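Before any comments, here is the structure.
Just the heavy atoms: all of them, side chains too, but no hydrogens, waters or symmetry mates, feed the values below. Reminder, nothing fancy here: chain letters follow the sequence lines and each chain counts from 1. Since we're looking at a predicted model, the values are computed, not measured.
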Protein chains: 2
Amino acid sequence: MKHKLRRGISATLEWMTTADPPSSLRERRKLRTRQALAETALALFSEHGFDNTPLDTLLEEVEVSRRTFFRYYRSKEDVAFTAVKWFWSTFLPVLDETEKSGRLADILRDAVLATLDRMDEEWYPRFSATLELIERSPALNGHSLRHCAEIQAEIRRRIGAPDSLEARLLVEFSVTTWRGALEEWLPEGAPGDLPRCVQRAFAAMDRSLRVQVCSPESPEA
Amino acid sequence: MKHKLRRGISATLEWMTTADPPSSLRERRKLRTRQALAETALALFSEHGFDNTPLDTLLEEVEVSRRTFFRYYRSKEDVAFTAVKWFWSTFLPVLDETEKSGRLADILRDAVLATLDRMDEEWYPRFSATLELIERSPALNGHSLRHCAEIQAEIRRRIGAPDSLEARLLVEFSVTTWRGALEEWLPEGAPGDLPRCVQRAFAAMDRSLRVQVCSPESPEA
DNA sequence: GGAGCAAATGCCACACTGTGGCGCTTTCCG
DNA sequence: CGGAAAGCGCCACAGTGTGGCATTTGCTCC
């Protein structure tokens with residue numbers, strides 16, 4: 001039963017990180033319907049909105065039965081998250097390869113940047129389309145935040161650091177900062193800008209704890 | 001359409017923050033069924049698990065039709081969150097009253113502590129029961145995170161601070177830290193310990209950015 | 001106190017997501 | 001070529017959430 005919790009990530013890793021072209025004809029067919037589902041879903045959801053697109057529409061379009069769909073993806077939300085999952089499934093191995101010395105915040109930031117470097121051109125438009133989708137649908141937003149929580153747990157497991165409260169907070173802060181970078185990047189959406197946004201966000205993270213506020217009565221900085 | 005996003009919070013505030021005893025008999029009846037639903041839901045969910053408790057069970061217990069239930073609560077998740085919503089609907093006014101000068105992080109921490117001070121004895125067991133529920137149900141977890149995001153937006157709106165990236169990050173960090181405090185508090189669950197956990201978590205927040213890691217090869221701090 | 005009125009409720013039917021059982025077809029491999 | 005296994009589709013079902021409409025209940029004005 002524990003498998004169920006981890007299956008999401010490990011099963012994803014299983015077929016995403018193996019770059020070997022699937023020799024078997026059967027495997028190639030499976031991969032094709034997988035991608036067809038993900039692509040068509042992203043297109044349909046982007047056009048009509050996530051909540052206004054019944055799953056049946058997607059199923060008719062790809063000509064797949066409902067039963068089959070749920071053998072590929074666990075939920076309607078899941079099929080919209082391919083680009084996001086692809087990012088994190090690349091990130092985790094990158095993090096494993098990273099030499100872990102210095103400030104944990106810097107390590108995570110650099111791993112994010114290195115991961116971005118590995119994304120190909122096709123990924124960026126799909127990713128930003130997914131982000132827009134998430135922003136406009138509460139259901140997807142919840143799914144996204146839950147997914148981030150899973151990622152955080154996985155990151156904590158992989159960095160050899162002690163499971164202190166500080167370390168846990170920092171991992172959460174870093175993922176939050178990553179989301180902040182995305183929010184700044186999204187309106188423009190130029191692929192080259194994303195690393196810069198990440199840099200700026202992580203720099204802002206350092207400053208944020210020292211942010212001062214003053215009442216309207218005493219309005220000096 | 002934008003109303004939908006804000007209705008959750010403002011409608012909640014509407015009936016939660018008005019401390020006047022509802023004079024009208026009708027209003028009293030409504031309040032009674034509201035509370036009966038929340039109480040019974042918490043009891044049923046705690047006993048059988050959130051996912052294993054069909055909504056119909058709750059409806060039969062409270063003797064309320066499905067249609068009526070959804071006029072009181074927007075979802076099955078919603079009815080389980082009464083204690084959480086109560087906390088935040090107390091927090092926001094407290095935050096408004098707070099004199100806003102100094103470090104934003106300190107302001108938020110103190111507002112949280114002041115809010116805890118206003119919670120009565122009955123609230124604590126319900127709150128911790130709710131937290132346990134959230135921990136054990138992915139659906140509730142997602143709902144909780146989405147709710148936190150709404151709260152963060154509301155906090156940002158209420159502090160007069162400029163909507164800088166730093167400020168936004170800090171608000172998110174603070175809510176995350178609050179959740180971290182809850183995670184530490186939950187196992188024991190003694191009401192008196194919660195403020196201490198909050199203090200500790202916010203202190204850890206300051207330190208977290210400086211957390212160092214070192215590879216197994218070079219194991220010096 | 002009674003009549004009208006508005007709010008609250010209950011009942012019915014429906015759309016949508018997700019799951020389990022079962023049998024058929026396709027692919028693989030000896 | 002033939003059996004085994006994997007993939008797939010069809011059907012039926014549970015559960016959540018919504019809309020329409022009639023009915024009851026409490027409120028208010030006369």
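Here B/Arg66 pairs with B/Asp56 in a salt bridge; the nearest charged N to carboxylate O distance falls below 4.0 Å.
An OP1 or OP2 oxygen of D/dC8 is reached within less than 4.0 angstrom by a side-chain nitrogen or oxygen of A/Tyr72. For C/dG10, one of the phosphate oxygens OP1 or OP2 lies less than 4.0 angstrom from a side-chain nitrogen or oxygen of B/Ser65.
Rounded to whole angstrom, the span from the CG atom of B/Asp56 across to the C1' atom of D/dG17 amounts to 12 Å. In this structure, B/Asp51 places its CG atom 14 Å from C1' of D/dA14, rounding to the nearest Å. One atom, CD of B/Glu63, and another, C1' of C/dG10, lie 13 Å apart when rounded to the nearest Å. Summarising the geometry, the separation between NZ on B/Lys30 and P on C/dG10 is reported as 14 Å, rounded to the nearest angstrom. Per the geometry, CZ belonging to A/Arg66 stands 20 Å off P belonging to C/dC22, to the nearest Å. Atoms OH (A/Tyr73) and P (C/dT17) sit 17 Å apart, rounded to a whole Å.
The distance between the ring centers of A/Phe87 and A/Trp178 falls below 6.0 angstrom.
A donor-acceptor contact under 3.5 Å links the side chain of B/Arg67 to the base of D/dG19. One N or O donor and one acceptor, one from the side chain of A/Arg71 and one from the base of D/dG9, sit under 3.5 Å apart.
Taking the six-membered ring where the residue is Trp, B/Trp123 and B/Phe127 present parallel rings, their angle staying beneath 30° rather than reaching 60°.
Summarising the local packing, CD of A/Gln199 is surrounded by more than 12 heavy atoms from other residues, nucleotides or ligands at distances under 6.0 Å.
For A/Thr68, counting side-chain heavy atoms from C-beta on, the closest listed nucleotide (D/dC8, D/dT16, C/dG18) is D/dC8.
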